[in-house]
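Remember, predicted model here, so these are calculated numbers, not experimental data.
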Amino acid sequence: MKRVITLAVLILISFLLQYSVFSFHSVMSVSPNLLLILTMSFGIMRGRKEGMLIGFFSGFLCDVFYGNLIGPYMLLYMLIGYVNGFFHRNYLMEDIFLPVVIITFDEFIFEIAIYVFVFLLNRRLDFKEYLFNIIFPQMMYTVVVSIIIYRLYVVINKLLKNKVEKDIL
């Protein structure tokens, strides 16, 4: 139960920071995708199921507050959390290289999907401008922030894991 409450609080804090603090203090008009970092982190630390659940609730919050429909962000975050869960078995928690590579790829895929569904379908076809002015700066900012935040999530995950093991014994 503490794990569920902790994850719910992490999702809410990430959502509030992403859409309030970081959106007002953006660099080059982009801000890091904290919900994607959270989904990626717990997907590779805990597996497909937990990555998908965190992705579901993260995407649901985005859809409810900032989307026109309920479902697109939810589906995108869920898929990213599920796919990242495949790396769970080949993963060492202290290793930072794999999460950096994964979050770079995740952010690129996420932004391409946003381009297709938001800009391309509205006949804004200047992909080169979107790539260099939005995708690359957003990707770099998210990667830098993920290096810092990921270590915090590792500590939280270890504490939750130790708490569950103590409760079982």
Side-chain angles (χ1 to χ4, degrees), residues 1-26 30-67 69-111 113-114 138-139 141-169:
M1 188 65 180
K2 286 186 180 186
R3 178 172 210 71
V4 172
I5 292 170
T6 303
L7 292 176
V9 167
L10 284 174
I11 291 170
L12 285 174
I13 289 172
S14 296
F15 177 77
L16 291 173
L17 286 174
Q18 180 173 330
Y19 288 106
S20 63
V21 175
F22 281 112
S23 66
F24 290 122
H25 301 292
S26 60
V30 295
S31 59
N33 194 337
L34 299 177
L35 292 172
L36 189 65
I37 296 169
L38 179 70
T39 303
M40 178 274 306
S41 298
F42 281 91
I44 63 174
M45 283 190 286
R46 302 292 301 165
R48 293 183 301 249
K49 184 177 177 183
E50 195 156 329
M52 194 168 67
L53 285 172
I54 290 173
F56 172 82
F57 289 110
S58 297
F60 181 74
L61 281 174
C62 292
D63 282 336
V64 167
F65 287 101
Y66 294 102
L69 301 169
I70 293 183
Y73 284 104
M74 193 168 47
L75 180 63
L76 192 55
Y77 278 107
M78 279 176 49
L79 286 172
I80 288 172
Y82 183 77
V83 170
N84 289 340
F86 284 107
F87 295 102
H88 174 65
R89 300 222 188 272
N90 303 331
Y91 163 72
L92 298 171
M93 260 196 248
E94 290 76 22
D95 182 27
I96 194 70
F97 180 73
L98 181 63
V100 167
V101 170
I102 291 173
I103 196 65
T104 304
F105 184 72
D106 288 348
E107 182 66 37
F108 185 74
I109 296 299
F110 184 84
E111 292 299 326
I114 297 301
Q138 176 96 14
M139 206 166 59
Y141 198 10
T142 300
V143 167
V144 169
V145 171
S146 72
I147 292 170
I148 299 164
I149 293 178
Y150 174 75
R151 295 188 189 276
L152 174 67
Y153 290 155
V154 167
V155 170
I156 291 171
N157 186 47
K158 284 181 180 179
L159 290 173
L160 289 173
K161 204 176 201 180
N162 290 339
K163 181 66 177 160
V164 168
E165 288 172 0
K166 285 180 184 177
D167 290 343
I168 291 174
L169 297 176

Novice: For a side chain to side chain contact (heavy atoms under 4.5 Å, CB included) with Met40, tell me which candidate from Ile102, Ile54, Thr142 qualifies.
Specialist: Ile102

Novice: Tell me the side chain to side chain donor-acceptor pair (under 3.5 Å) pairs involving residues 74-84, sequence neighbours left out?
Specialist: Asn33-Tyr77, Asn84-Asp106

Novice: Could you walk me through whether Tyr19 and Ser31 pass the side chain to side chain contact (heavy atoms under 4.5 Å, CB included) check?
Specialist: CA-CA 9 Å; Tyr19 288 106; Ser31 59; over 6 Å; no

Novice: With a 4.5 Å heavy-atom cut-off, do Leu61 and Leu12 have their side chains touching?
Specialist: yes

Novice: To the nearest 0.5 Å, what is the distance between CE on Met1 and OG1 on Thr6?
Specialist: 10.5 Å

Novice: Is it true that atom CZ of Phe57 has more than 12 heavy atoms of other residues, nucleotides or ligands lying nearer than 6.0 Å?
Specialist: no

Novice: Could you state the interatomic distance from CZ (Phe110) to CD (Glu107), rounded to the nearest 0.5 Å?
Specialist: 7.0 Å

Novice: Any chance you could measure Leu10, atom CG, to Leu34, atom CG, to the nearest 0.5 Å?
Specialist: 11.0 Å

Novice: Ignoring hydrogens, what is the shortest heavy-atom contact between Gly51 and Thr39? Give both atom names and the distance.
Specialist: O-CG2, 3.6 Å

Novice: Could you tell me which residues satisfy side chain to side chain donor-acceptor pair (under 3.5 Å) with Glu50, sequence neighbours excluded, listed by chain and number?
Specialist: Arg3, Arg46

Novice: Show the nearest heavy-atom pair for residues Asp63 and Pro72, with the distance to one decimal.
Specialist: OD2-N, 3.5 Å

Novice: So, do Pro99 and Ile44 sit near enough that their side-chain heavy atoms are less than 4.5 Å apart?
Specialist: yes

Novice: For the CG atom of Leu76 and the CD1 atom of Ile109, what is their distance to the nearest 0.5 Å?
Specialist: 9.5 Å

Novice: Examine distances only and state if a side-chain atom of Gln18 and a backbone atom of Leu35 form a donor-acceptor pair shorter than 3.5 Å.
Specialist: yes

Novice: Is the Tyr73 to Tyr66 ring centre distance short of 6.0 Å?
Specialist: no

Novice: More than 12 heavy atoms of other residues, nucleotides or ligands under 6.0 Å from CZ of Phe105: yes or no?
Specialist: no

Novice: Please find the pair of heavy atoms, one from Phe97 and one from Asp95, that lie closest to each other, and give the distance.
Specialist: N-OD1, 3.2 Å

Novice: If we ignore hydrogens and angles and just use 3.5 Å, is the side chain of Ser146 paired with the main-chain N or O of Val143 as donor and acceptor?
Specialist: yes

Novice: For a quick test of reading the model, state the closest non-hydrogen atom pair linking Tyr153 to Met45 and the distance between them.
Specialist: O-CE, 3.6 Å

